[in-house]
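Okay, so here's the structure we're looking at.
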Amino acid sequence: MLKLEQVHTYYGNSHILQGLSFEVPTGKCMALLGRNGAGKTTTIHSIAGLTTPRHGRISFCGATISGLPSYKIARQGIALVPQGRRIFPSLTIRENLTVSAREARQDRKAGQKVWTLEEVYELFPILKEREQNMGTQLSGGQQQMLAIGRALLTNPHFLLMDEPSEGLAPVVIEQIGEIIQTLKKTGLSILLVEQNFYLACAVADEVLIMNKGQIVWNGSPQALLANKEVQHQYLGV
């Protein structure tokens, strides 16, 4: 569904992604792990159109999206749950959710879930209870739910999640893991960037490890959990 081929992305003169290549199959959750500075968020930004790669190709459902502005990439069916949540502080919870809502695309797959405001409220009841509160009046975990709900209301085919467990308590991280598992069951394809090794292994179908802008290891969560050498060398676990 999503494919990166020899992608090179720079920030000024800094060469961040150095020939990055991988593919996320339809209906799968792939986790992208690595130490700080490995290039994970740059990967997300390159896919979403927030940073334009200088070389290489990013394709989605067979069509090239690298080089397109971010709003056109979003219209292709890719939604972003950004690092740090990025809640609109001047909007209520309901307004945060509906500001980017759009109807389901006509090319959606048979049986693919159509997200409405009520569907999001069913997934996150706390948002319904507090819908007239301002987004910044929520806890960190509730703001993360709001960010996920906002992305779902674009009715995407593909979800980019950048560090959804960042700054959250262990019990809330467990809830985020359950939410990702629920989204997988709807057939949604997911690329999950994470620092939390155990959360990533719990929810992903496949794991990629980045180092210095390249993929240095890939395999199943079970294989990674059994490989202490790789954990120590690239993740510091």
Side-chain angles (χ1 to χ4, degrees), residues 24 27-33 40-41 44-45 47-48 50 70 74 77-104 108 112-205:
V24 182
K28 299 296 183 181
C29 176
M30 184 169 285
L32 187 60
L33 305 180
K40 303 185 303 298
T41 292
I44 292 285
H45 287 181
I47 295 167
L50 301 175
S70 56
I78 297 178
L80 171 64
V81 180
Q83 186 177 19
R85 274 82 81 173
R86 304 294 180 91
I87 301 306
F88 297 113
S90 62
L91 300 182
T92 66
I93 291 169
R94 185 185 183 94
E95 290 168 339
N96 264 280
L97 288 169
T98 57
V99 67
S100 60
R102 67 172 68 99
E103 294 182 358
R108 70 184 186 276
Q112 187 173 356
K113 189 176 183 64
V114 176
W115 290 96
T116 65
L117 182 62
E118 289 308 314
E119 292 276 0
V120 168
Y121 281 156
E122 185 176 336
L123 183 63
F124 303 117
I126 187 63
L127 301 184
K128 172 65 174 178
E129 293 173 18
R130 305 187 64 181
E131 66 175 354
Q132 295 306 317
N133 288 66
M134 307 307 287
T136 51
Q137 292 177 312
L138 298 176
S139 68
Q142 291 165 355
Q143 286 190 24
Q144 189 62 67
M145 294 175 190
L146 179 56
I148 295 170
R150 182 179 59 191
L152 292 176
L153 277 174
T154 68
N155 273 293
H157 293 330
F158 196 99
L159 193 61
L160 300 169
M161 305 186 77
D162 194 0
E163 304 278 8
S165 73
E166 184 179 46
L168 301 182
V171 65
V172 182
I173 292 174
E174 185 176 341
Q175 291 176 346
I176 296 299
E178 292 171 356
I179 291 164
I180 295 172
Q181 294 283 20
T182 298
L183 296 179
K184 283 176 60 178
K185 292 176 183 177
T186 70
L188 192 61
S189 305
I190 301 170
L191 177 61
L192 170 68
V193 163
E194 256 303 333
Q195 285 281 9
N196 189 307
F197 169 75
Y198 296 103
L199 171 63
C201 287
V203 301
D205 298 297

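Note that the coordinates shown come from a computational prediction; the quantities given were computed from them, not determined experimentally. Heads up: numbering here begins at 1 and tracks the sequence.
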If you take all heavy atoms of [X] and [Y], which pair is closest and at what distance?
X      : Y      : value
Leu33  : Ala200 : CD2-CB, 3.5 Å
Pro156 : Leu188 : O-CD1, 3.4 Å
Asn196 : Ser165 : CB-OG, 3.6 Å
Leu199 : Gly177 : CD1-CA, 3.6 Å
Leu183 : Trp115 : CD2-CZ2, 3.8 Å
Cys29  : Ile180 : SG-CG2, 4.3 Å

Please report the interatomic distance [atom1]([X]) to [atom2]([Y]), rounded to the nearest 0.5 Å.
X      : Y      : atom1 : atom2 : result
Leu191 : Ile44  : CG    : CD1   : 4.5 Å
Leu97  : Lys128 : CG    : NZ    : 11.0 Å
Leu160 : Leu192 : CG    : CG    : 10.5 Å
Ser100 : Arg150 : OG    : CZ    : 6.5 Å

Check: Does the side chain of Ile173 reach to within under 4.5 Å of the side chain of Tyr198, using non-hydrogen atoms?
Finding: no

Using atom types as modelled, flag every donor-acceptor pair under 3.5 Å from a side chain in residues 137-148 to any protein atom, sequence neighbours excluded.
{"unit_1": "Gln137", "atom_1": "OE1", "unit_2": "Asn133", "atom_2": "ND2", "d": "3.4"}
{"unit_1": "Gln137", "atom_1": "OE1", "unit_2": "Met134", "atom_2": "N", "d": "2.8"}
{"unit_1": "Ser139", "atom_1": "OG", "unit_2": "Gln142", "atom_2": "N", "d": "3.2"}
{"unit_1": "Ser139", "atom_1": "OG", "unit_2": "Gln142", "atom_2": "OE1", "d": "3.4"}
{"unit_1": "Gln142", "atom_1": "OE1", "unit_2": "Arg130", "atom_2": "NH1", "d": "3.2"}
{"unit_1": "Gln142", "atom_1": "OE1", "unit_2": "Ser139", "atom_2": "N", "d": "3.1"}
{"unit_1": "Gln143", "atom_1": "NE2", "unit_2": "Leu138", "atom_2": "O", "d": "3.3"}

Side-chain donor/acceptor of [X] to backbone N/O of [Y], under 3.5 Å:
X      : Y      : result
Asn96  : Leu91  : yes
Glu194 : Ala31  : no
Gln195 : Glu163 : no

Next item on the list: Could you tell me which residues satisfy salt bridge (Lys or Arg N to Asp or Glu O under 4.0 Å) with Lys184, sequence neighbours excluded, listed by chain and number?
Entry: Asp205

Check: Residues two or more places apart in sequence or in another chain: which of them pass salt bridge (Lys or Arg N to Asp or Glu O under 4.0 Å) with Arg94?
Finding: Glu131

Below 3.5 Å, can you tabulate the donor-acceptor pairs from side chains in residues 79-88 to any protein atom, sequence neighbours excluded?
{"unit_1": "Gln83", "atom_1": "OE1", "unit_2": "Thr41", "atom_2": "OG1", "d": "3.4"}
{"unit_1": "Gln83", "atom_1": "NE2", "unit_2": "Glu166", "atom_2": "OE2", "d": "3.2"}
{"unit_1": "Arg85", "atom_1": "NH1", "unit_2": "Glu166", "atom_2": "O", "d": "3.0"}

Margin query: Test of understanding: with side chain to side chain donor-acceptor pair (under 3.5 Å), list the residues that count as partners of Glu95, not counting sequence neighbours.
Written below: Thr92

Margin query: Under the salt bridge (Lys or Arg N to Asp or Glu O under 4.0 Å) definition, can you give me all pairs with a residue in residues 115-126, not counting sequence neighbours?
Written below: Lys113-Glu119

